[in-house]
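Since the structure comes first, as structure tokens, the remarks are kept for the end.
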Amino acid sequence: MSANCTEIFGSMVFNDAVMKERLPGATYKALARHIRENTSLTLEVAHVVANTMKDWAIERGATHFTHWFQPMTGITAEKHDSFITPAPDGKIIMEFSGKELIKGEPDASSFPSGGLRATFEARGYTAWDPTSYAFVKEGILCIPTVFYSYGGQVLDKKTPLLRSQEAINRHALRILRLFGDRATRRVFTTIGPEQEYFLLDRALYEQRKDLVYCGRTLFGAKPPKGQEMEDHYFGSVKSRVAAYMKDLDEELWKLGIHAKTQHNEVAPSQHELAPIFSMTNTACDHNQITMEVMKKVALRHNLVCLLHEKPFAGVNGSGKHNNWSMGTDQGANLLEPGPAPETNRQFLTFLFAVVKAVDVYQDLLRLSVATAANDHRLGANEAPPAIISIFLGDELTGIVNSIRYGRDYEKAAAKEMDGGVKILPHFMRDTTDRNRTSPFAFTGNKFEFRMLGSSLAIAGPNFVLNTCVAEILDEFSTYLEEADDFDQALEKLLRDTAEKHERIIFNGNNYAEEWVSEAQRRGLLNLKSTPEALPYFCGDKSIRLFGRHNILTEEEIRSRCEILLENYSKTIHIEALTMLEMLKKDILPAATSYLKELTEVALNKKKLELPAAAYKAEENLILKLSALYASLSAQTDLLNEMVLGAAERGDAHEAAVYYKDKVLPVMQEARALADEMEANAAEKYWPYPTYGKLLFSV
Ligand code: ADP
Ligand code: MG
């Protein structure tokens with residue numbers, strides 16, 4: 001399809017323009033008030049909306065509707081119901097009621113609940129989230145909803161996000177009022193997630209069980225060429241990839257997603273898509289849809305889109321930079337420093353609140369991005385390390401220091417960029433360089449949280465970040481509201497915050513060895529793995545925080561923690577089983593076949609009574625491969641034993657630690673042996689496409 005962007009954009013979305021045009025005036029107003037002011041909605045209004053929505057969806061080819069929600073699986077769930085209702089004359093009519101729009105009752109027992117609910121208590125509810133537009137996807141009218149259990153416990157990723165949004169709104173407004181702002185009625189967070197992904201040829205992908213079952217390679221010798229030439233990043237996009245990107249953009253535009261930037265990433269066959277930022281709730285929903293559409297569109301091009309955090313060892317992994325800021329209904333960005341940040345006290349208050357939140361709640365931010373897959377990235381010399389710190393850049397760090405020590409701030413003069421050629425544009429250089437190694441970087445008028453894995457549902461880290469910042473805004477505003485002298489109190493608040501929390505600011509190289517010891521000296525946490533990070537979720541500090549802001553109850557936190565730990569163990573379990581299957585069924589037999597050929601050649605040469613030197617090379621290779629075979633065989637048995645041993649672990653945390661300490665290292669060793677074998681074996685015997693083929697064939 002080749003299309004006019006402005007025409008197709010949002011054509012599959014039941015957005016404000018559509019509602020305005022199609023709904024009766026009174027219904028439109030009632031719905032708008034409901035969304036804006038959280039007032040309750042009458043069933044009558046819902047009924048009119050549902051009916052209009054249905055007619056609109058049918059015009060776009062829809063036959064079914066679904067409550068679209070985000071359970072703890074990390075992906076979205078849908079159950080399709082058709083609009084058909086029998087009519088008395090034996091025919092059918094198409095119906096969709098207000099009740100069906102507002103509430104659904106999926107069987108909750110098949111979604112992760114972390115012990116919140118026994119399987120016999122199967123009832124769950126989905127409830128319409130009118131703040132995110134309904135849309136038509138592949139003939140289905142999708143209605144964004146939240147998901148909770150019969151007992152009212154939250155079972156999804158969206159509810160805590162919406163609640164955290166409320167907390168930010170409440171406390172940010174208090175700060176704004178203190179600065180005399182009476183006009184702003186709503187504060188929300190904005191997110192622009194930059195999505196990285198790999199594209200592989202589908203036929204090659206299907207030949208690899210590890211990719212099919214685990215989404216990442218478990219074996220693979222290094223190819224002669226990797227990313228060392230640094231020729232892929234921003235390189236010209238190959239035509240097959242360009243066709244995919246064009247198709248993808250169009251599909252996303254139809255769904256009202258502002259896909260904006262597409263480019264090649266650092267690794268061969270790695271790419272990135274960045275949307276224009278939007279409000280939290282929409283951005284999270286859109287990112288879920290984006291990931292799904294990316295995979296589906298790839299298949300149409302005989303490609304496979306990999307969203308795994310680390311599909312290839314030795315090659316850059318994929319992350320998702322979560323650009324985050326706070327915006328207002330008046331169009332202001334609360335993290336915009338303006339021309340003179342040193343005197344912009346409102347900006348500094350919000351900035352310092354984020355700095356303090358990140359320092360105080362490092363543990364929660366770290367665990368909000370912890371998964372088995374992301375453990376391969378964080379700290380692995382490419383992505384940010386597992387240690388959380390903030391990059392503020394020279395200018396803001398200078399301001400923080402001047403506040404801390406009560407010195408006057410001396411602004412560095414802006415330098416003009418001059419390309420040395422008259423015709424080139426001259427512009428002022430940014431006051432601060434970028435730092436690509438920082439896990440949490442200030443980038444001009446927003447923060448970029450860079451520790452997210454590429455496949456992660458971003459609602460998780462964002463509800464955590466929002467809640468942490470809301471808590472500090474609450475603290476700040478309480479302190480300032482109670483003060484007799486606002487100016488003095490603010491000065492003291494900023495100075496104290498700078499003094500106590502400057503340890504979290506680090507503008508240097510986060511990949512350097514020295515940073516690990518420096519961070520330790522500063523008392524910063526270094527939680528290297530998921531099983532080390534997750535227990536902090538159930539700690540007192542976390543339970544108090546999420547409870548205070550009505551985000552999650554202790555029971556819900558514990559259940560979530562259990563789900564996350566179980567996910568970790570299950571992921572490694574599946575990888576270990578896949579590895580065993582590949583070793584036993586493919587890799588070891590391949591080595592046997594190659595050894596057989598080598599042995600026959602050597603024997604034949606011997607039969608011809610050639611001098612020993614004539615078959616020395618074969619003999620050496622036979623010896624080498626035989627030794628590798630013996631070790632790999634033994635390692636396979638050991639892995640088998642380790643996987644069986646996992647069944648004896650007691651609770652979810654103990655099991656996760658077992659997988660990390662006992663299973664993963666054995667897998668690593670098996671991989672090293674197999675990769676060496678691959679490097680020494682003839683390609684025609686090797687049962688899988690090589691890294692070279694996978695990475696360079698699209
Ligand atoms: P860079 O990463 O080079 O700074 P951009 O400035 O284009 O690139 O921003 C990257 C992402 O950040 C985009 O998705 C963009 O929409 C998003 N972004 C920009 N401003 C904001 C903001 N105020 N809040 C949230 N995201 C933002
Ligand atoms: Mg960026």
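A quick note: this is a predicted structure, and the numbers were derived from the prediction, not measured. As the structure lists them, so they are numbered: ligands from 1, and atoms in each ligand from 1.
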Using a 4.0 Å cut-off to any heavy atom of [X], which atoms of ligand 1 qualify?
| X | answer |
| --- | --- |
| Asn333 | 23 (N) |
| Ile276 | 16 (O) |
| Glu448 | 2 (O) |
| Ser325 | 22 (C), 23 (N), 24 (N) |

Give a yes or no on whether a salt bridge exists between [X] and [Y], defined as a side-chain N under 4.0 angstrom from a carboxylate O.
| X | Y | value |
| --- | --- | --- |
| Glu196 | Lys320 | no |
| Glu309 | Arg216 | no |
| Arg170 | Asp474 | no |
| Glu166 | Arg163 | no |
| Glu518 | Arg522 | yes |

Best match, Leu273, Thr190, Asn323: closest heavy atom to atom 24 (N) of ligand 1:
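It is Thr190 whose heavy atom sits nearest to atom 24 (N) of ligand 1.
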
Compare Ala274, Pro275, Ala259 and give the one whose heavy atom is closest to atom 13 (C) of ligand 1.
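Checking each option, the heavy atom nearest atom 13 (C) of ligand 1 is found in Pro275.
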
For the residue pair His258 and Phe9, is the inter-centroid distance of their aromatic rings smaller than 6.0 Å?
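Aromatic pair counts; centres sit under 6.0 Å.
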
Say whether Pro193, considering both its backbone and side-chain N or O atoms, lies within less than 3.5 Å of an N or O atom on ligand 1.
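N/O-N/O distance below 3.5 Å does not exist for this pair.
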
Polar contacts were defined as any N/O atom of the residue lying under 3.5 Å from an N/O atom of the ligand; does this apply to Lys446 and ligand 1?
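Right, the criterion is met.
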
May I ask you to identify, for Glu194, whether its side chain, its backbone, both or neither come under 4.0 Å of ligand 1 on a heavy-atom basis?
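For Glu194, the contact with ligand 1 is made by the side chain alone.
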
Indicate the atoms forming the closest heavy-atom contact of Thr280 with Gln165, along with that distance.
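In terms of heavy atoms, the two residues are closest at OG1-OE1, 3.0 Å.
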
